[in-house]
Participant: 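Take this structure first; my questions come after.
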Amino acid sequence: QVQLVESGGGLVQPGGSLRLSCAGSGFTFSRYAMSWYRQTPGKERELVAGIGTFGDRTNYADSVKGRFTLFRDNVKNTAYLQMISLKPDDTGVYYCNARNGLDTHWGQGTQVTVSS
């Protein structure tokens, strides 16, 4: 069956770094655009970053530009979100998404907490 499995979340101090991974299986990974969303209680789910099928097109939320990098490895069927200079406002549950037209898959989410 289709699976997206996120990993790499955890507790980090402000200014620290984390690297999130999203491993896909059960579908043709290279045909799907990949993205990361985050959600914090009291706020709508926010699109953090998106990347096209070959990794040649990327988009980032203004709040993370210059700090987050989304990239993908279509051989390993994995998407990554490299996060540096983390801030408390980056705290939330991060969800991986794969989309091909109307076909959309979500991961289970991984918690990122930025706190001293």
Side-chain angles (χ1 to χ4, degrees):
Q1 71 272 25
V2 171
Q3 278 193 299
L4 291 174
V5 180
E6 299 106 328
S7 61
L11 174 64
V12 64
Q13 293 183 340
S17 300
L18 285 173
R19 189 193 197 197
L20 306 184
S21 298
C22 173
S25 62
F27 65 102
T28 305
F29 184 86
S30 62
R31 297 180 181 176
Y32 285 70
M34 302 297 299
S35 60
W36 286 91
Y37 291 74
R38 70 186 176 194
Q39 187 158 28
T40 301
K43 298 177 62 178
E44 291 187 347
R45 185 172 295 187
E46 174 189 23
L47 176 63
V48 175
I51 191 168
T53 56
F54 272 171
D56 55 336
R57 300 178 185 271
T58 55
N59 287 292
Y60 297 93
D62 288 342
S63 61
V64 307
K65 285 181 179 176
R67 300 187 299 115
F68 290 12
T69 303
L70 171 59
F71 58 101
R72 66 189 296 161
D73 186 335
N74 286 344
V75 174
K76 297 181 178 180
N77 292 341
T78 303
Y80 306 89
L81 186 66
Q82 180 67 54
M83 307 183 292
I84 65 171
S85 301
L86 283 162
K87 306 173 181 179
D89 285 348
D90 294 320
T91 294
V93 180
Y94 283 69
Y95 296 91
C96 179
N97 174 268
R99 176 172 49 83
N100 183 351
L102 297 179
D103 192 30
T104 300
H105 306 294
W106 291 93
Q108 80 287 351
T110 185
Q111 177 71 42
V112 172
T113 302
V114 185
S115 176
S116 59

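All heavy atoms count here, side chains included; hydrogens, waters and symmetry mates do not. In this chain, residues are counted from 1 in sequence order.
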Participant: Please tell me if the side chains of Trp36 and Cys96 come closer than 4.5 Å, counting only heavy atoms from C-beta onward.
Facilitator: yes

Participant: Might you point out which heavy atoms bring Val2 and Gly26 nearest each other, and give the distance in Å?
Facilitator: CG2-O, 3.5 Å

Participant: Nearest 0.5 angstrom please: Arg19 CZ to Phe68 CZ, how far?
Facilitator: 14.5 Å

Participant: Is there side-chain contact between Phe29 and Arg72, with heavy atoms separated by less than 4.5 Å?
Facilitator: yes

Participant: Does the gap between the ring centers of Tyr95 and Tyr37 come in under 6.0 Å?
Facilitator: no

Participant: If every non-hydrogen atom of Tyr60 is compared with every non-hydrogen atom of Thr69, which pair is closest and at what distance?
Facilitator: OH-CA, 3.5 Å

Participant: Evaluate the criterion side-chain contact (heavy atoms from CB on, under 4.5 Å) for residue pair Met34 and Asn74; output intermediate values, then yes/no.
Facilitator: CA-CA 11 Å; Met34 302 297 299; Asn74 286 344; over 6 Å; no

Participant: For the residue pair Ser115 and Leu11, establish whether any side-chain heavy-atom pair is separated by less than 4.5 Å.
Facilitator: yes

Participant: Taking atom CG of Asn100 and atom OG1 of Thr28, what is their separation to the nearest 0.5 Å?
Facilitator: 9.0 Å

Participant: For Arg57 and Gly52, indicate whether the former's side chain and the latter's backbone hold a donor-acceptor pair under 3.5 Å.
Facilitator: no

Participant: On the 0 to 90° scale, with breaks at 30° and 60°, tag the His105-Tyr32 ring pair as parallel, tilted or perpendicular.
Facilitator: tilted

Participant: List the steps, then state whether side-chain contact (heavy atoms from CB on, under 4.5 Å) holds for Thr53 with Ser30.
Facilitator: CA-CA 6 Å; Thr53 56; Ser30 62; 6.0 Å; no

Participant: Answer yes or no: is there a side-chain heavy-atom contact under 4.5 Å between Val112 and Leu20?
Facilitator: yes

Participant: Decide yes or no for Gln13 and Leu86: does some side-chain heavy atom of the first lie under 4.5 Å from some side-chain heavy atom of the second?
Facilitator: no

Participant: For Arg38, enumerate each residue passing the side chain to side chain donor-acceptor pair (under 3.5 Å) test, keeping only those at least two apart in sequence or located in another chain.
Facilitator: Glu46, Ser63, Asp90, Tyr94

Participant: With rounding to the nearest 0.5 angstrom, report the CZ to OG1 distance, Arg45 to Thr40.
Facilitator: 11.0 Å

Participant: Output the distance between atom CG (Leu18) and atom CG (Leu81), rounded to the nearest 0.5 Å.
Facilitator: 9.5 Å

Participant: Do you know the tightest heavy-atom contact between Ser21 and Thr78?
Facilitator: CB-CG2, 4.3 Å

Participant: Got Thr58 and Phe71 here, is their nearest side-chain heavy-atom distance under 4.5 Å?
Facilitator: no

Participant: Which pair of heavy atoms, one from Gln82 and one from Ser17, lies closest together, and at what distance?
Facilitator: NE2-CB, 4.4 Å

Participant: So do the side chains of Val93 and Glu6 get within less than 4.5 Å of each other, counting heavy atoms only?
Facilitator: no

Participant: So, for Thr91 and Val114, which heavy atoms are closest and what is the spacing to 0.1 Å?
Facilitator: OG1-N, 2.9 Å

Participant: Kindly give the heavy-atom pair with the smallest separation between Gln39 and Lys43, and that separation in Å.
Facilitator: NE2-O, 3.7 Å

Participant: Mind checking whether Val48 and Ile51 sit in one hydrophobic cluster, side chains of I, L, V, M, F, W, Y counted as touching below 4.5 Å?
Facilitator: yes

